[in-house]
**Q** 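Quick one: the structure is below, questions incoming.
Just so you know, ligand 1 is whichever comes first in the structure, and atom 1 is the first atom listed for that ligand.
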Amino acid sequence: MSRAEIVVDVAAIRHNVRVLKRHAGVPMMAVVKADGYGHGLLETARAAREAGADWLGVASLDEAIALREAGDRGPLLAWLVVPSEDVTPAVRAHIDITAYSIPDLDRIAEAARTTGLRPRVQLKVDTGLHRGGVPMSLWAETAAHARALEQQGLLRVTGIWSHFSSSEEPDDPANDEQEKVFREALDRAAEAGLRPEVRHLANSAAAILRPSARFDLVRCGIAMYGLDPAPGVSPDLGLVPAMTVRAELAMIKPIAAGGSVSYNHRWTASAPTMLGLVPVGYGDGLPRHASNRAEVWVTGARRPVRGTVCMDQVVVDLGQAGDDLPEPGADAILWGSGALGEPTAQDWADAAGTISYEMVTRIGGRLVRRHVDSDVDRDTDSTSAKETP
Ligand SMILES: *Cc1c(COP(=O)(O)O)cnc(C)c1O
């Protein structure tokens, strides 16, 4: 057992992919950007493909190339390319590249000349998120330009897509508005002569909550890792969180009434109690904002974090000395699937005032990551230091 580790159950990822595909009823893109939301790019991608993910989606070309180098040959989309980047390796690797502008299209067409291949391009239209993508004011012109390059044999427009701002709040009128604009954009693209293989708009929350937005493909990230994209809103689909963060309790000690804990003494014992030292801190990605708020599971109970979360460690309250007092070396689960009653990444996100996405993506630091497969009850032997995205 490691000092502190991230354990990822690939069986949970496979289960979640199957559940989501069945629920959405259309093909699915498994989103594995940012090192698979902290779960491991390659292991997550492999589990998702095994469970029937039709596409993989990543942000950067580097992530997409890493998947190809690991042997993935299936449909694969990358959506964040910068102007100085050489797209020819991605074209050679048959990666679908997203274009946000006419200059993007021209750079991709240039790669057709150097490679002799016909690049696969997906156009992203900005339907109101106002982040990446072609603004509607330039859409008709951009679609016409893409069609002209297509007719010259310099690329193929394989997809048209967009992204919601507020899909986890299904009653927000922005959702209806964005979907309407997306349909308009598809009409304009068809008028320009584009015939994409896939049109897609929905992330996890929309895949679960908004059937009208499913089109040809849903792009699921967070839900595939078993976390709820819309806490309190989503139906219970039986998703299983794949990540557990655990550590070995470093020590236990008594504190007297009136004693205060951790930096700046932000918690004071009102009665004598026992403290436990958990060797994980913000240097490993724990949120300091969860000071005095989060809980850690130790020997069958949730133990409140006392005082400030430090760089390397956090102190929990084990309660009055009693029969259930843990020994040093006991297992301390910061978050897990929740099956035992332990906190989840969502609980830590609530404690820190953020979203579960940020919890799982940021955790790492010095923790060792280990993949297990609970379907076959053995380690897949792929222990790895977590790469920082
Ligand atoms: C990250 C991302 C997704 C996945 O979002 P989830 O809410 O995690 O399902 C889908 N599409 C795009 C463009 C993204 O950047």
Side-chain angles (χ1 to χ4, degrees), residues 13 16-17 19-21 23-24 26-39 41 44-45 48 53-64 67 75-82 95-100 104 121-134 159-170 172 174-175 178-179 182 185 198-210 213-234 237 239 241-243 345-346 349 354-362 389:
I13 292 172
N16 297 331
V17 168
V19 166
L20 289 163
K21 276 199 71 160
H23 179 78
V26 295
M28 175 180 154
M29 177 184 290
V31 179
V32 296
K33 63 189 177 184
D35 204 18
Y37 289 40
H39 294 69
L41 172 69
T44 299
D54 305 272
W55 284 75
L56 296 178
V58 292
S60 74
L61 293 182
D62 291 346
E63 292 171 312
L67 287 165
L76 168 57
L77 173 66
W79 52 70
L80 196 55
V81 184
V82 296
I95 293 160
D96 283 46
I97 305 169
T98 300
Y100 290 174
D104 281 359
V121 178
Q122 300 209 12
L123 286 173
K124 185 188 179 191
V125 56
D126 182 356
T127 53
L129 177 60
H130 297 139
R131 197 174 65 177
V134 183
I160 295 176
W161 65 275
S162 191
H163 194 45
F164 280 119
S165 74
S166 313
S167 56
E168 78 284 11
E169 294 165 20
D172 190 316
N175 294 302
Q178 283 194 266
E179 191 180 312
F182 188 59
V198 285
R199 303 157 299 167
H200 46 109
L201 177 59
N203 61 351
S204 293
I208 293 170
L209 296 168
R210 198 175 170 88
R214 288 176 190 149
F215 294 92
D216 303 318
L217 188 64
V218 291
R219 303 186 305 266
C220 293
I222 198 73
M224 176 179 68
Y225 303 100
L227 295 165
D228 188 342
V233 182
S234 306
L237 299 178
L239 299 173
M243 179 188 286
Q346 183 63 48
T354 183
I355 54 176
S356 62
Y357 297 68
E358 192 179 346
M359 300 309 311
V360 290
T361 305
R362 286 178 68 153

**Q** Taking all atoms of both residues into account, what is the closest heavy-atom pair of Leu76 and Val58, and its distance?
**A**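 The answer is CD1-CG2, 4.4 Å.
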
**Q** Which protein residues come within less than 4.0 angstrom of ligand 1, counting heavy atoms only?
**A**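 Ligand 1 pocket, heavy atoms under 4.0 Å: Val31, Lys33, Tyr37, Trp79, Arg131, Trp161, His163, Asn203, Ser204, Arg219, Cys220, Gly221, Ile222, Tyr357.
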
**Q** Can you sort out the partners of Tyr100 under ring pair (Phe, Tyr, Trp, His ring centres under 6.0 Å), two or more places apart, ordered by chain and number?
**A**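 Per chain and number, Tyr100 pairs via ring pair (Phe, Tyr, Trp, His ring centres under 6.0 Å) with no residue.
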
**Q** Run the salt bridge (Lys or Arg N to Asp or Glu O under 4.0 Å) test against Arg214 and tell me which residues pass, sequence neighbours left out.
**A**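 Salt bridge (Lys or Arg N to Asp or Glu O under 4.0 Å) list for Arg214, sorted by chain: empty.
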
**Q** With a 3.5 Å distance limit and no angle check, can you tell me whether Thr98 reaches the backbone of Ala78 through a side-chain donor-acceptor pair?
**A**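 Side chain of Thr98 to backbone of Ala78, a donor-acceptor pair under 3.5 Å: yes, one is there.
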
**Q** Mind listing the side-chain donor-acceptor pairs of residues 202-209 below 3.5 Å, one per line with the distance, residues two or more places apart or on another chain?
**A**
unit_1 : atom_1 : unit_2 : atom_2 : d
Asn203 : OD1    : Ser167 : OG     : 2.9
Asn203 : OD1    : Ala206 : N      : 3.4
Asn203 : ND2    : Ser167 : OG     : 3.2
Ser204 : OG     : Gly221 : N      : 3.2
Ser204 : OG     : Ala223 : N      : 3.2

**Q** Rounded to the nearest 0.5 Å, how far does CG of Leu239 lie from NE2 of His23?
**A**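 Reported to 0.5 Å precision, the distance equals 9.5 Å.
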
